[in-house]
Amino acid sequence: MPRDPYQVLGVERSAEDGELKKAFRKLARELHPDVNRDDPEAEEKFKEAAEAYEILSDPDRRATYDQFGHEGLRSNGFSSQAASGGIEDILSAMFGGGNSPFGDIFGFGGRSGPAAGGDVGVTVEIDLAEVLTGAEREVSFQAVTRCEHCHGNGAEPGTPIRTCETCGGQGAVQQVTRTPFGQMMRQSACPTCNGEGKIPDEPCETCDGVGRLRKTKTYEVDIPAGIEDGQRIRVTGKGHEGETGAPAGDLYVEVTVIGDDRFERHGEHLVTPAKISVTRAMLGGTIEVPTIEGMEEVKVPTGAQPGQHVVLAGRGLPTLRGRRRGDQVIVLDVVVPKKLNRKQRHAAEELDEVLDDPHPGG
Ligand SMILES: [Zn+2]
Ligand SMILES: [Zn+2]
């Protein structure tokens with residue numbers, strides 16, 4: 001008895017078309033007869049997966065299976081290409097495109113075209129004050145760029161460029177692979193011209209005919225105010241140059257914000273602990289605290305409590321989008337002296353007497 005097709009593909013019974021396709025594509029890659037020549041079971045497993053997909057990707061078959069199981073499919077006259085040994089048809093359908101449910105499943109339909117350039121990553125460091133103002137940094141990095149000597153066509157200037165004879169200028173060739181299930185047609189980049197379709201008579205001396213070469217590039221990055229540590233800025237098209245006709249990759253600039261012990265950052269807000277004496281807490285007054293813009297005098301209210309916040313509104317960091325600035329929050333820490341000299345002890349005892357409050361707050 002054949003296995004449950006949902007189980008074969010490893011999907012839920014509610015799986016939608018996209019999920020089915022994804023699951024089957026993954027299995028088919030793993031079980032493909034081409035990559036499993038040594039595994040005699042691979043062919044059977046591949047067939048099983050193909051059959052499961054055949055059933056579930058067809059709404060009529062799927063509905064019939066859901067209601068009546070494999071028995072229902074048989075009695076309703078649904079025959080399986082995969083089960084009836086037509087794996088060649090399936091493969092050609094899969095690799096050759098077309099209208100079958102397997103068409104284009106490997107994305108091999110048509111020429112893949114010139115390859116886009118890769119992305120480049122760099123890191124920059126800024127400090128907290130620059131988070132407030134925003135910053136500019138010049139970054140240098142190695143990237144594939146267009147060869148200026150040949151303007152990217154790979155030919156020594158003034159020498160002719162021929163059309164590639166192997167691919168007739170198409171840049172792609174059809175390859176026929178023999179598999180246990182028959183011949184398979186596959187399209188791949190032309191090995192003679194590396195997919196360019198053209199071959200220079202005299203390759204450019206600077207780039208060896210590639211048309212591109214690695215060079216140090218520099219770029220001035222604008223780092224916006226309010227950026228968070230670890231955030232990346234994407235600069236479109238500033239990465240590696242792509243093959244002729246394909247887009248360049250992107251430049252990613254990862255920003256490291258150097259920590260500052262005096263401030264704890266919570267998004268756009270800054271938190272600063274500040275120690276005050278018992279008497280300052282009782283009497284109030286002013287203390288000096290660091291802000292992102294320098295030292296500043298801050299008022300401590302009379303009767304300040306341990307952990308109490310003094311908020312400097314709008315003195316934090318800007319938000320990444322918009323002009324609002326967060327707050328700086330000063331958290332008061334009341335320091336109780338651990339030792340007293342005679343004079344202090346005397347004063348404390350006198351205070352204790354006049355406060356006359358053995359259970360404060362009780
Ligand atoms: Zn060149
Ligand atoms: Zn070629």
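Counting convention: from 1, in listed order, for ligands and their atoms alike. Nothing here was measured: the structure is a model prediction, and the numbers come from that model.
Geometry note: the Zn ion (ligand 2) is the vertex, C190 SG and C167 SG are the arms, and the angle is 110° (rounded to 10 degrees). With the Zn ion (ligand 2) as vertex, C164 SG and C193 SG subtend 120°, rounded to 10°. Around the Zn ion (ligand 1), the two atoms SG of C150 and SG of C204 are separated by an angle of 120°, to 10 degrees.
With a cut-off of 2.8 Å, the Zn ion (ligand 1) has an N, O or S atom of C147 in range. Note on H149: not counted as a metal contact of the Zn ion (ligand 1), no N/O/S atom lying under 2.8 Å.
Classification of K47 and E51 as a salt-bridged pair fails, no side-chain N sitting under 4.0 Å from a carboxylate O. In this structure, R13 pairs ionically with D66, as a charged nitrogen and a carboxylate oxygen lie closer than 4.0 Å. Salt-bridge annotation for E293 and R315: present, with a side-chain N of the basic residue lying under 4.0 Å from a carboxylate O of the acidic one.
Under the 3.5 Å distance criterion, with hydrogens and angles disregarded, no donor-acceptor pair is assigned to the side chains of R137 and Y219.
Around atom NE2 of H266, more than 12 heavy atoms belonging to other residues, nucleotides or ligands sit under 6.0 Å away.
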